[in-house]
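So the structure is just underneath, and the comments pick up after that.
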2 protein chains.
Amino acid sequence: MTRERLYLYDTTLRDGQQTQGVQFSTPEKLRIAEALDTLGVDHIEGGWPGANPTDSAFFEEVAPGRAVMTAFGMTKRAGRSAANDDVLAAVLNARTPSVCLVGKTHDFHVERALGITLEENVENIRASVAHLVAEGREALFDAEHFFDGWKANPGYAAECLKAAYEAGARWIVLCDTNGGTLPPEIARIVSEVIAAGIPGDHLGIHTHNDTETAVAGSLAAVEAGARQIQGTLNGLGERCGNASLTTLIPTLLLKEPYASRYEIGVSRAALEGLTRVSRMLDDILNRVPMKQLPYVGASAFAHKAGLHASAILKDPSTYEHIDPGVVGNRRFIPMSNQAGQSNLRRRLEEAGLVVEKGDPALARILETVKAREEQGYAYDTAQASFELLAREELGQMPEFFEIKRYRVSVERRKNKYNEMVSLSEAVVVLKIDGEKRMSVSDSMDAAGSDRGPVNALSKALAKDLGPYQHMIDDMRLVDFKVRITQGGTEAVTRVIIDSADGQGRRWSTVGVSANIVDASFEALLEAVRWKLIRDTEAARAEAAE
Amino acid sequence: MTRERLYLYDTTLRDGQQTQGVQFSTPEKLRIAEALDTLGVDHIEGGWPGANPTDSAFFEEVAPGRAVMTAFGMTKRAGRSAANDDVLAAVLNARTPSVCLVGKTHDFHVERALGITLEENVENIRASVAHLVAEGREALFDAEHFFDGWKANPGYAAECLKAAYEAGARWIVLCDTNGGTLPPEIARIVSEVIAAGIPGDHLGIHTHNDTETAVAGSLAAVEAGARQIQGTLNGLGERCGNASLTTLIPTLLLKEPYASRYEIGVSRAALEGLTRVSRMLDDILNRVPMKQLPYVGASAFAHKAGLHASAILKDPSTYEHIDPGVVGNRRFIPMSNQAGQSNLRRRLEEAGLVVEKGDPALARILETVKAREEQGYAYDTAQASFELLAREELGQMPEFFEIKRYRVSVERRKNKYNEMVSLSEAVVVLKIDGEKRMSVSDSMDAAGSDRGPVNALSKALAKDLGPYQHMIDDMRLVDFKVRITQGGTEAVTRVIIDSADGQGRRWSTVGVSANIVDASFEALLEAVRWKLIRDTEAARAEAAE
């Protein structure tokens, strides 16, 4: 049975940018476009040229890829020709092979929002699409508020679609702009539109997640005959977001009846990059990735319940609907007071610590984890700190150095130019092989601006680690997350530090205290200790050869 | 037309607790149960008595409400009678009027995970349900992995359901445990189950969000005839979460065809408390509420696009699928470089600042907001800081006091009992009406433990505000959020502080700096200034009367 082609249209760079708090820079847009092209979407909607400078710059700089680069705009305004509409001209000036124009199809909006006659609006659609075609572009028409429009006045909504179709639009996109239409209604209306004479292989679907059914609504439209799906990475988008391509892509490739019925531009190989692409977007947005995200979230294959976790160890298919590796994600059995010893031993093995079944240390480790999680520590994420905790209990924790005391101060005052400036200074006293060492540092960066107390402390700590100095030279802090959480009865600060080194290792450590400086320093120390363990082990291994 | 009754079964306290990183305390469970009861769900699944102490304590302490309190457990094990199964006994000992037992219906799991014969499993289901009925309890049977089981061996899956039904189970709940089943398949199988002899008004649906279709899957099951929906608040739950009742409740009450077909226990009045209930749960979990959450999220009715925002001002129905007030949420037009002056004037009016149309200050304010957001400030959330910024530009910012300088230090060392302890000390020098005042404070709380540098600074600042002292006496910090973000080219710390006062006001302010102490102090100062403005205005108003 030959499979029908489905087309994916990504609007992360346009509708996705409507998300509250999201504003991409041009370089960020270029990075995302490249990732989308590698993933294998068919269209990339880059933005609205002329509407804002970032978007115009993007279209100037973006390199052509496999995906069809598309500029977004709106149909010409009444009272002028398409050729003389400056807004439309700016869109065409981006010189993209494809152009998508949004227009009204809901009579209420034509009269209420545009304040023009129904006939003028139909003519605006027809003339704008015809103009795109005459200019040699592929034309798409985004039918705004289509489903509400069809319910209010199907005759007029159909007239608008026909105007676009007969003028040569390759795709007529049915948009549920307000996100209020549920899947069964979407399916019904798409069938009615096809019956009204617009072929399904010219129909696209654009849904929003205001009722949490954007993905189901897109699938319902496909089953009714639509052949293009518009969506965004991670479901980014105005209000509650757009349909998530991050969810739709694996569903279309892996789930029946879609997998055997349809073909999309994303290969199985590219699918393995999906989790990475999703995390990259959060990285650009500087957001903590949503753990609960389907397929790609850190919790998507996390098995907390003791019963589930032990069944998973017997056979993953018992509690997983797909193999996490297929989407580049991984299984995770978190440490928690619901997890059993079998999971614990598995976690320890991952850290290279082999412990015999029934070893009393296992119970002690679980107890300590539980007690510290009640204080606010989080070992689900801070795996390196978990390893250090386990080593303590197993008596396998080397003492490289001991912190005797430290002091850090932040002073803010006027400088000689009468500007308020800050300076942080730290003193760290530590003992290595019985020898005391004191290091001092301020917090100035190369540019001469203050980076704060934690920076001063980490510089002082790193200044003189004697025999271990060379091991931490290639170590750097890649992320620093702070949140206020409950430590028993009172609020405490939890700091999680992600570190990396020259050998490509990446590890997370945690510190908790009512004092944010102490919490940060604790996480910092754990990061250094973990690094020293790895490097001394490596050195020992070499020596043994 | 009389509407059919649909029943809502909440499992936030049981399946919701399977969420990675979630662990409720007994008092927290009691608070959530009370909120669920007020909301109007039919069943509250409180946990698994005997499986962990928190759950057992919950059932001892919870007060009876309108909702049927339900204990969760599993069917008896093979080789012993239901009466002699200690696990089942512990569940019954919670003395709840209703009990829900999970059992296998998928032959693969019976043989693979339980390692018993198919017949033994059917007998375990029958005997367990019969035992509950004999004990005078309402019996529910959670058919684990039901949809996968039906696809693999419909005959056996049906036999399991019939055993529970004939033994007197009030509800047979079809669970899509691995979350891999899509809505059309759920609808088909539910119809087949009804055709096989289990009446729809005895069928429940329990979905997970692994394909982002848990809500649509629940609705599909209802349309196929099921009459109970199981879900959680905010879609909490293992892996990607359970079906979200926070989304399903408004959809069932407000959306067609559901609104006119079905009746649920939640009243329109209770629906107005939905947003509050959702935020309360995040508050308990100490999580930043998800802005994109349907109906209740802070972004659910946020209109960023300039075109949308201005249309909304003409007529809200142009870009909203429901009235936000109906679910206790509110419309929001964020400040951002995509927002126009009309929205800005609206925002200023909300803050009591009336500005004439076309006032050049409007453009200056937009410019400043844009520039500061590029530095890392976030005015979407920090409304009080936005107001202060606007007042600066409008020349309406009173100078209550001026900070001349401050200094804070954190010292960690061994005390005389040889324990590591910390102490933070702050000095703040400020000028009020030309008079310099210096205040000093440490960071010790009543319990004598160190609360850190920010606490020391805020205590020193609040120590002597001269004529304004009485105004800040009733002010307190209710939340403190820290995140690392991009300020132009380098990483900076953004601190958002939520404050409240004795008159029930609640406001948010923001501070940004590479130095976390400076960022915190900036947000703190903004909070104090906003409070002084409100109180001096109030005092002036009184004097005028």
Side-chain angles (χ1 to χ4, degrees), chain A residues 18 20-21 109 112-113 178-180 182-183 209-213 215-216 238-241 244 247 251 255 286 291-292 294 297 299-300 302 304-305 311 315 318-321 334 380 405-413 422 424 449-453 480 482 484-486 514-518, chain B residues 18 20-21 109 112-113 178-180 182-183 209-213 215-216 238-241 244 247 251 255 286 291-292 294 297 299-300 302 304-305 311 315 318-321 334 380 405-413 422 424 449-453 480 482 484-486 514-518:
Chain A
Q18 298 303 330
Q20 193 175 354
H109 280 267
R112 176 94 189 163
N178 295 5
L182 293 159
N209 211 30
D210 299 75
T211 60
E212 217 176 320
T213 56
V215 164
E238 186 151 56
R239 303 190 312 274
C240 306
S244 170
T247 299
T251 294
K255 295 280 175 183
N286 191 16
K291 287 184 161 186
Q292 292 206 325
S299 293
K304 183 176 169 184
D315 181 340
T318 51
Y319 286 93
E320 286 175 356
H321 70 118
D380 287 5
R405 61 185 175 85
Y406 61 81
R407 182 168 208 292
V408 62
S409 67
V410 177
E411 181 154 28
R412 188 160 178 82
R413 62 185 328 143
S422 299
S424 307
S449 64
D450 170 51
R451 306 297 299 156
F480 179 79
V482 185
I484 309 304
T485 178
Q486 209 59 23
N515 181 324
I516 190 165
V517 171
D518 289 337
Chain B
Q18 299 303 332
Q20 194 175 354
H109 281 266
R112 176 92 189 163
N178 294 5
L182 293 158
N209 212 29
D210 299 75
T211 60
E212 217 175 321
T213 57
V215 163
E238 185 151 59
R239 302 188 314 273
C240 307
S244 170
T247 298
T251 294
K255 295 282 177 182
N286 192 12
K291 288 183 161 189
Q292 292 205 324
S299 293
K304 184 175 170 186
D315 181 340
T318 51
Y319 286 93
E320 285 175 355
H321 70 118
D380 287 4
R405 60 185 176 82
Y406 61 80
R407 183 169 209 293
V408 61
S409 66
V410 177
E411 180 153 28
R412 188 161 177 83
R413 63 183 330 141
S422 298
S424 306
S449 66
D450 170 51
R451 306 297 300 155
F480 180 79
V482 185
I484 309 303
T485 178
Q486 208 60 23
N515 181 325
I516 189 166
V517 171
D518 289 337

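Nothing here was measured: the structure is a model prediction, and the numbers come from that model. Note on naming: letters A, B, ... go to the chains in the order of the sequence lines (proteins, then strands), and numbering restarts at 1 for each one.
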Look up atom [atom1] in [X] and atom [atom2] in [Y], then write down how far apart they are to the nearest 0.5 Å.
X: B:Arg413; Y: A:Tyr406; atom1: CZ; atom2: OH; result: 12.5 Å
X: B:Ser422; Y: A:Asn515; atom1: OG; atom2: CG; result: 5.5 Å
X: B:Thr251; Y: A:Leu182; atom1: OG1; atom2: CG; result: 6.0 Å
X: A:Glu212; Y: B:Thr213; atom1: CD; atom2: OG1; result: 10.0 Å

Can you say whether [X] sits under 4.5 Å from chain A via the side chain, the backbone, both, or neither, judging by heavy atoms?
X: B:Asp518; result: side chain
X: B:Thr318; result: both
X: B:Ser424; result: side chain

Within the 4.5 Å heavy-atom criterion, are A:Val410 and B:Pro453 side-chain neighbours or not?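 A:Val410 does not reach B:Pro453 side chain to side chain.
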Stepwise side chain to side chain contact (heavy atoms under 4.5 Å, CB included) test for A:Asn209 and B:Gln292: CA-CA 9 Å; A:Asn209 211 30; B:Gln292 292 205 324; over 6 Å; no
If you count heavy-atom pairs under 4.5 Å with chain B, which of [options] comes out on top?
options: A:Arg405, A:Lys291, A:Arg412, A:Glu411; value: A:Arg412
options: A:Gly297, A:Ala300, A:Ser449, A:Pro294; value: A:Pro294
options: A:Val517, A:Asn178, A:Val215; value: A:Asn178
options: A:Pro183, A:Ser409, A:Ser244; value: A:Ser409
options: A:Asp450, A:Val408, A:Val482; value: A:Val408

Got a sec, which residues hit salt bridge (Lys or Arg N to Asp or Glu O under 4.0 Å) with B:Asp210, two or more places apart in sequence or on another chain?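 Only B:Arg239 meet the salt bridge (Lys or Arg N to Asp or Glu O under 4.0 Å) criterion with B:Asp210.
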Output all residues satisfying salt bridge (Lys or Arg N to Asp or Glu O under 4.0 Å) with A:Glu320, sequence neighbours left out; order by chain, then residue number.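 For A:Glu320 the salt bridge (Lys or Arg N to Asp or Glu O under 4.0 Å) partners, ignoring immediate neighbours, are A:Arg331.
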Best-contacting candidate, B:Gly180, B:Gly179, B:Cys240, against chain A by heavy atom pairs under 4.5 angstrom: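 Heavy-atom pairs under 4.5 Å are most numerous for B:Cys240.
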Minimum-distance pair of heavy atoms, taken over all atoms of B:Arg451 and A:Ala514: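 That closest heavy-atom pairing would be NH1-CB, 3.0 Å.
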